[in-house]
Amino acid sequence: MGRYVIRRLLQMIPVFIGSTLLIFVMVYALGDPVAALFGDKAPDPATAARIRKDLYLDRPLWEQYLHYMGQIFQGNFGTAFNGQPVTELMASAFPVTLRLTLVAIVIEVVVGITLGVISGLRRGRTIDTSLLVLTLVVISVPTFVTGYVLQFVLGVKWGWVRPSVSPEAPFSELILPGIVLALVSLAYVTRLSRTSIAENAKADYVRTATAKGLPRRRVVTRHLLRNSLIPVVTFIGTDIGALMGGAIVTERIFNIHGVGYQLYQGILRNNSPTVVGFVTILVIVFLLANLLVDLLYAVLDPRIRYA
């Protein structure tokens, strides 16, 4: 296992370099950050040249990237155009988005797997058909529609929750945004769990465990569910980074000042250091989540052995 972890960590290095290089090139190819800094006003040529030199924008793109990577390894992600270090923006945004993602993941795992098990064990029955239709509807409805509807009904009309989240963003106020953020992923988890449970329910090891007289609950939880969770864990692992980076719509709806809010502001204002810095951290989150998923395979399925 140790050799496998080391090998996977070494494989993450070229992936990280390639991903950050692609992101860096794409972001800085969107336009001139200095021109965006001045808005509609034409900057003075001398002032623009000085700013480009201070921001290292007067060098070729590959030199800018090497300089940026060198700064990252020193813990310096650059400075936003408002003069605030990007690390300070990260310190205020990432804890909020992490709490929101944690709420969404818990809802997604608990509700999604539970509904998937119920549907898979009753394949072809009314409850199975109803859940399949319901999850299809959830997947089909855009997140911004679901968010605004739930915000209006539960927050404005009925007053059960706050329609917007306060700057502190406590867990109690993140439940509704977490539900909105998790709904589409929850539907996919339900359908994945349902399919995997229905297929493995006919496996020989399940029939053997049942023939031995084991209680049905133990057969389902100890044997059937454990072997059926591998595709679900794969999806959830990749979904962690997607939830953190894809929370732009949800955070805009509920006025949450997290990663999605900062990315939206950075893109809107062509604030390249902010966008590149935040996306770089999200790349690291994706890589670590995929590594964790690979390690969980051996826990869920003892037949898997890493040389």
Side-chain angles (χ1 to χ4, degrees), residues 92-120 126-195 232-233 235-268 278 282 285-286 289:
S92 62
F94 269 100
V96 175
T97 299
L98 283 174
R99 290 197 293 270
L100 177 61
T101 303
L102 180 61
V103 173
I105 287 292
V106 171
I107 295 173
E108 174 184 337
V109 171
V110 175
V111 179
I113 293 179
T114 301
L115 294 178
V117 171
I118 294 174
S119 181
T126 303
I127 188 171
D128 178 36
T129 305
S130 301
L131 285 175
L132 287 177
V133 173
L134 180 61
T135 53
L136 184 60
V137 171
V138 172
I139 294 172
S140 303
V141 178
T143 301
F144 68 88
V145 174
T146 306
Y148 280 122
V149 169
L150 292 180
Q151 182 187 50
F152 174 75
V153 174
L154 301 181
V156 178
K157 190 172 183 179
W158 294 349
W160 290 358
V161 295
R162 287 175 57 96
S164 63
V165 177
S166 60
E168 296 77 16
F171 278 105
S172 59
E173 297 180 7
L174 293 176
I175 295 178
L176 180 58
I179 293 174
V180 173
L181 183 61
L183 271 179
V184 175
S185 299
L186 186 153
Y188 282 117
V189 169
T190 299
R191 297 174 77 91
L192 276 174
S193 303
R194 179 256 183 195
T195 302
V232 180
V233 168
F235 175 81
I236 293 174
T238 57
D239 196 43
I240 293 175
L243 290 177
M244 292 188 64
I248 297 178
V249 175
T250 305
E251 291 186 0
R252 288 287 297 170
I253 293 173
F254 294 95
N255 193 33
I256 302 173
H257 290 190
V259 174
Y261 173 83
Q262 295 295 343
L263 282 175
Y264 174 79
Q265 294 295 326
I267 295 172
L268 189 66
F278 273 84
L282 291 177
V285 171
F286 268 105

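Worth knowing before you read on, the calculation uses all heavy atoms, side chains too, and leaves out hydrogens, waters and symmetry mates.
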- For Arg162, check salt bridge (Lys or Arg N to Asp or Glu O under 4.0 Å) against everything at least two apart and list the hits. Glu173
- Task: With sequence neighbours excluded, tell me which residues meet salt bridge (Lys or Arg N to Asp or Glu O under 4.0 Å) with Asp128.
- Result: Arg194
- Query: Residues in ring-ring contact (aromatic ring centres under 6.0 Å, His included) with Phe94, at least two apart?
  - Reply: Phe278
- Task: Identify, with sequence neighbours excluded, every residue that meets ring-ring contact (aromatic ring centres under 6.0 Å, His included) alongside Phe254.
- Result: none
Inter-residue atom distance [X].[atom1] - [Y].[atom2], 0.5 Å rounding:
X	Y	atom1	atom2	value
Thr195	Leu132	OG1	CG	7.5 Å
Leu186	Ile139	CG	CD1	10.0 Å
Leu131	Leu136	CG	CG	12.5 Å
Ile236	Leu243	CD1	CG	10.0 Å
Thr143	Leu181	OG1	CG	7.5 Å
Ile179	Ile107	CD1	CD1	4.5 Å

- Note on the structure: Taken in chain and number order and not counting sequence neighbours, the residues that satisfy side chain to side chain contact (heavy atoms under 4.5 Å, CB included) with Leu98 are Met244
- Task: Using side chain to side chain contact (heavy atoms under 4.5 Å, CB included) as the criterion, list what pairs up with Thr146, not counting sequence neighbours.
- Result: Val141, Leu150, Leu183
- Message: Filter on ring-ring contact (aromatic ring centres under 6.0 Å, His included), then keep only pairs touching residues 158-183, sequence neighbours left out; what's left?
- Response: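 Output for this query lists Trp158-Trp160.
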- Item | Sequence neighbours excluded - ring-ring contact (aromatic ring centres under 6.0 Å, His included) pairs with any residue from residues 131-156 | none
- Query: What's the verdict on side chain to side chain contact (heavy atoms under 4.5 Å, CB included) for Ile113 and Val189, showing C-alpha distance, side-chain angles and the deciding distance?
  - Reply: CA-CA 6 Å; Ile113 293 179; Val189 169; 4.0 Å; yes
- Message: I need the full list of salt bridge (Lys or Arg N to Asp or Glu O under 4.0 Å) pairs touching residues 97-109, with sequence neighbours left out, sorted by first then second residue.
- Response: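 Of all non-adjacent pairs touching residues 97-109, none passes salt bridge (Lys or Arg N to Asp or Glu O under 4.0 Å).
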- Item | salt bridge (Lys or Arg N to Asp or Glu O under 4.0 Å) contacts touching residues 146-156 (sequence neighbours left out) | none
Please report the shortest heavy-atom distance between [X] and [Y], naming the atom on each side.
X	Y	result
Gly155	Pro163	O-CD, 4.1 Å
Gly116	Ser193	CA-CB, 3.7 Å
Gly260	Thr97	N-OG1, 4.4 Å
Leu174	Ala169	CD1-O, 3.6 Å
Asn255	Ser164	CB-CB, 4.3 Å
Ala289	Gly237	CB-O, 3.2 Å

- So Val249 and Ile253, side chain to side chain contact (heavy atoms under 4.5 Å, CB included) or not? Walk me through it. CA-CA 6 Å; Val249 175; Ile253 293 173; 3.9 Å; yes
- Task: Begin from the C-alpha positions of Leu263 and Leu282 and carry the test side chain to side chain contact (heavy atoms under 4.5 Å, CB included) through to its verdict.
- Result: CA-CA 11 Å; Leu263 282 175; Leu282 291 177; 4.1 Å; yes
- By side chain to side chain donor-acceptor pair (under 3.5 Å) - contacts of Ser185 (at least two apart):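 Asp239.
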- Which residues satisfy the side chain to side chain donor-acceptor pair (under 3.5 Å) test with Gln262, sequence neighbours excluded?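 Testing Gln262 for side chain to side chain donor-acceptor pair (under 3.5 Å), a comparison that skips the adjacent residues, returns none.
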- Task: Go through the steps for Glu251 and Val96 under the test side chain to side chain contact (heavy atoms under 4.5 Å, CB included), then give the verdict.
- Result: CA-CA 10 Å; Glu251 291 186 0; Val96 175; 5.6 Å; no
